[in-house]
Number of protein chains: 2
Amino acid sequence: MGTMRTTSVADEVLRAALELFAAQGYANTSVQQIVEAAGVTKGAMYHYFSSKDDLLFAIYERMLSLQKRRLDEITAKGGSAEAVVRAVCEDVVVTSIDFLREGTIFFRSQHMLTTERQKEVKRRRREYHDAFAELVTRGQAEGSFRDDIPVSVLIANFFSDVHYLPHWYSAEGPEDKTEVAEQLTALFLRGIRRSDD
Amino acid sequence: MGTMRTTSVADEVLRAALELFAAQGYANTSVQQIVEAAGVTKGAMYHYFSSKDDLLFAIYERMLSLQKRRLDEITAKGGSAEAVVRAVCEDVVVTSIDFLREGTIFFRSQHMLTTERQKEVKRRRREYHDAFAELVTRGQAEGSFRDDIPVSVLIANFFSDVHYLPHWYSAEGPEDKTEVAEQLTALFLRGIRRSDD
DNA sequence: TGCCACAAACCGACTGGACGGTATGAACCG
DNA sequence: CGGTTCATACCGTCCAGTCGGTTTGTGGCA
């Protein structure tokens with residue numbers, strides 16, 4: 001039970017921080033607010049986290065790990081580049097909708113991290129980016145993807161959709177998340193597919 | 001000449017604020033830093049701006065006005081929905097690249113404004129959004145755009161590209177801005193165009 | 001032209017409060 | 001007892017915004 005408590009304190013703090021950062025922004029949220037919302041005290045919080053920006057990083061870390069893991073799992077299943085890309089895209093859209101608040105914080109508050117941690121985040125995102133780029137390159141080699149537009153632009157065209165989700169998608173809105181995932185993926189694939197126009 | 005000086009102080013402050021907000025973020029930039037970078041004093045600055053967040057809003061205001069004006073100009077020229085959409089898209093990408101720093105600040109720091117000003121910004125963006133949506137709807141009526149995907153998703157698919165530019169486009173990079181504009185627009189149009197797959 | 005009155009532009013030291021982080025020690029546990 | 005887990009009071013810093021005062025420009029008047 002002792003172990004239960006220790007983890008539950010850290011978890012409650014992270015949960016509260018996530019909520020408040022998403023609602024008010026990182027800079028507008030004080031440590032005091034967080035610990036009050038979590039039902040703990042500052043002393044407890046600083047026992048598990050070394051600083052305020054440590055909280056931010058912990059939130060990022062969770063999301064980065066999750067996304068990379070899912071990408072690897074899907075890629076490992078194998079298949080044509082197009083099939084893999086489709087599966088990856090649909091999955092990342094759904095996942096991003098499940099973690100909308102994390103996304104909001106992520107894209108807003110990266111620059112509030114220390115320089116080292118920003119580098120770490122960039123490194124992790126680059127891993128993801130490069131793995132995805134390899135899929136696209138493979139698709140070009142297989143002849144299913146166009147090669148008249150730079151890969152960097154093609155990739156930006158998809159990442160942008162994921163990036164933008166927190167800005168428009170609403171859980172209360174009419175759109176279903178799996179439908180949106182299929183639609184955005186379809187749009188991306190139609191754009192990237194080789195065809196004679 | 002007196003008039004020259006007054007405007008140049010306000011302009012210098014805005015210029016410095018733009019630079020610093022983009023480089024360090026709004027919350028990490030002190031008013032003192034801004035006025036030093038602008039070569040003026042706090043007193044001078046507070047003579048022209050009522051608060052720090054007034055600076056932020058002024059930056060937004062400039063960009064919002066510019067974009068809306070350009071949209072209206074292009075729409076006014078007339079033409080098929082597809083032609084107008086193409087022109088609008090290419091223009092907004094180029095403009096957004098010209099104002100990359102503004103975009104960086106915009107998407108990062110909106111939530112640092114007062115509630116009223118956030119509303120004002122949202123209202124202005126909605127104006128733009130609705131004008132664009134009308135173009136898309138017209139394109140559907142003309143039979144050139146698909147109608148099997150909600151307009152909101154189609155629009156998000158394009159706005160996301162614009163939104164994402166500050167995150168990947170580099171002026172020193174290999175891509176030319178007009179080329180990128182054409183490429184992103186082509187990808188969007190291919191996605192939105194009605195066709196029998 | 002020289003002088004005055006008034007206003008706008010500008011200066012910069014100061015303040016009041018918020019906030020991240022710490023120091024100290026109590027309770028509890030093995 | 002030694003170490004972990006927390007509670008509480010406190011500290012030092014930073015910073016947006018202010019305010020009394022000074023300079024600069026401007027129009028009127030003799």
Side-chain angles (χ1 to χ4, degrees), chain A residues 1-21 23-60 105 109-118, chain B residues 1-21 23-60 105 109-118:
Chain A
M1 193 176 1
T3 338
M4 276 300 293
R5 267 190 62 94
T6 61
T7 58
S8 94
V9 167
D11 285 352
E12 273 304 297
V13 169
L14 273 186
R15 197 195 50 74
L18 177 68
E19 206 100 11
L20 288 167
F21 289 166
Q24 318 175 343
Y26 176 80
N28 289 330
T29 303
S30 71
V31 173
Q32 196 59 42
Q33 277 181 298
I34 296 171
V35 296
E36 273 166 20
V40 302
T41 62
K42 254 190 183 184
M45 193 224 102
Y46 273 99
H47 181 72
Y48 293 100
F49 300 95
S50 61
S51 63
K52 186 186 174 188
D53 100 302
D54 207 22
L55 292 175
L56 194 55
F57 186 71
I59 292 171
Y60 286 178
I105 300 170
S109 307
Q110 260 188 65
H111 62 291
M112 304 299 277
L113 290 171
T114 64
T115 316
E116 302 148 20
R117 287 192 151 156
Q118 280 189 54
Chain B
M1 189 170 13
T3 342
M4 278 296 295
R5 267 188 63 94
T6 61
T7 58
S8 93
V9 167
D11 285 352
E12 274 304 297
V13 170
L14 273 186
R15 198 194 50 76
L18 178 68
E19 205 101 11
L20 289 166
F21 289 166
Q24 318 175 344
Y26 176 80
N28 290 330
T29 303
S30 72
V31 172
Q32 197 59 42
Q33 277 182 297
I34 296 172
V35 297
E36 274 167 20
V40 302
T41 62
K42 250 191 184 182
M45 192 225 103
Y46 274 99
H47 182 73
Y48 293 98
F49 300 94
S50 61
S51 62
K52 186 185 173 188
D53 99 303
D54 206 22
L55 293 175
L56 194 55
F57 186 71
I59 291 172
Y60 288 177
I105 300 170
S109 307
Q110 258 188 65
H111 61 290
M112 304 299 277
L113 290 171
T114 63
T115 316
E116 301 150 21
R117 288 193 149 154
Q118 281 190 54

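Computed from a predicted structure; not experimentally measured. The sequence lines fix the lettering, A, B, ..., with proteins before strands; numbering per chain opens at 1.
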Tell me whether the side-chain N/O atoms of H47(B) come closer than 4.0 Å to OP1 or OP2 in dC10(C). no
Take atom CG of L56(B) and atom C1' of dA16(D), then tell me their distance rounded to the nearest Å. 15 Å
Between S109(A) and L56(A) the two heavy atoms that sit nearest each other are O-CD2, 3.6 Å
Once you round it to whole Å, what is the distance between P of dA9(C) and CZ of F49(B)? 13 Å
Whole-Å distance separating the CG atom of L20(B) from the C1' atom of dA16(D): 16 Å
Of the nucleotides dG17(D), dC15(D), dG21(C), which has the atom closest to the S30(B) side chain? dC15(D)
In whole Å, what is the span from the CG atom of N28(A) to the P atom of dA18(C)? 14 Å
Starting from P on dG17(D), measure out to OH on Y48(B) and report it in whole angstrom. 19 Å
Do you know which of D53(A), I105(A), L55(A) makes side-chain contact (heavy atoms from CB on, under 4.5 Å) with Y26(A)? D53(A)
Euclidean distance, atom CD of residue Q32(B) to atom P of dT18(D) [Å, nearest integer]: 15 Å
Mind checking the OG-CZ spacing from S8(A) to R15(A)? Nearest 0.5 Å is all I need. 11.0 Å
Quick note, V31(A) side chain, CB onward, closest among dG17(D), dG20(C), dC10(C) is dG20(C)
Any donor-acceptor N/O pair, Y60(A) side chain to Q118(A) backbone, under 3.5 Å: no
Base, sugar-phosphate, or nothing: which does S50(B) touch, judged by heavy atoms less than 4.0 Å apart? nothing
Does anything in residues 33-46 of chain A reach DNA chain C, meaning a heavy atom under 4.0 Å, and if so which residues? K42(A), Y46(A)
Pairs meeting criterion salt bridge (Lys or Arg N to Asp or Glu O under 4.0 Å) with involvement of residues 31-52 of chain A, two or more places apart: none
Sorted by chain and number, sequence neighbours left out, ring-ring contact (aromatic ring centres under 6.0 Å, His included) with Y46(B) holds for none
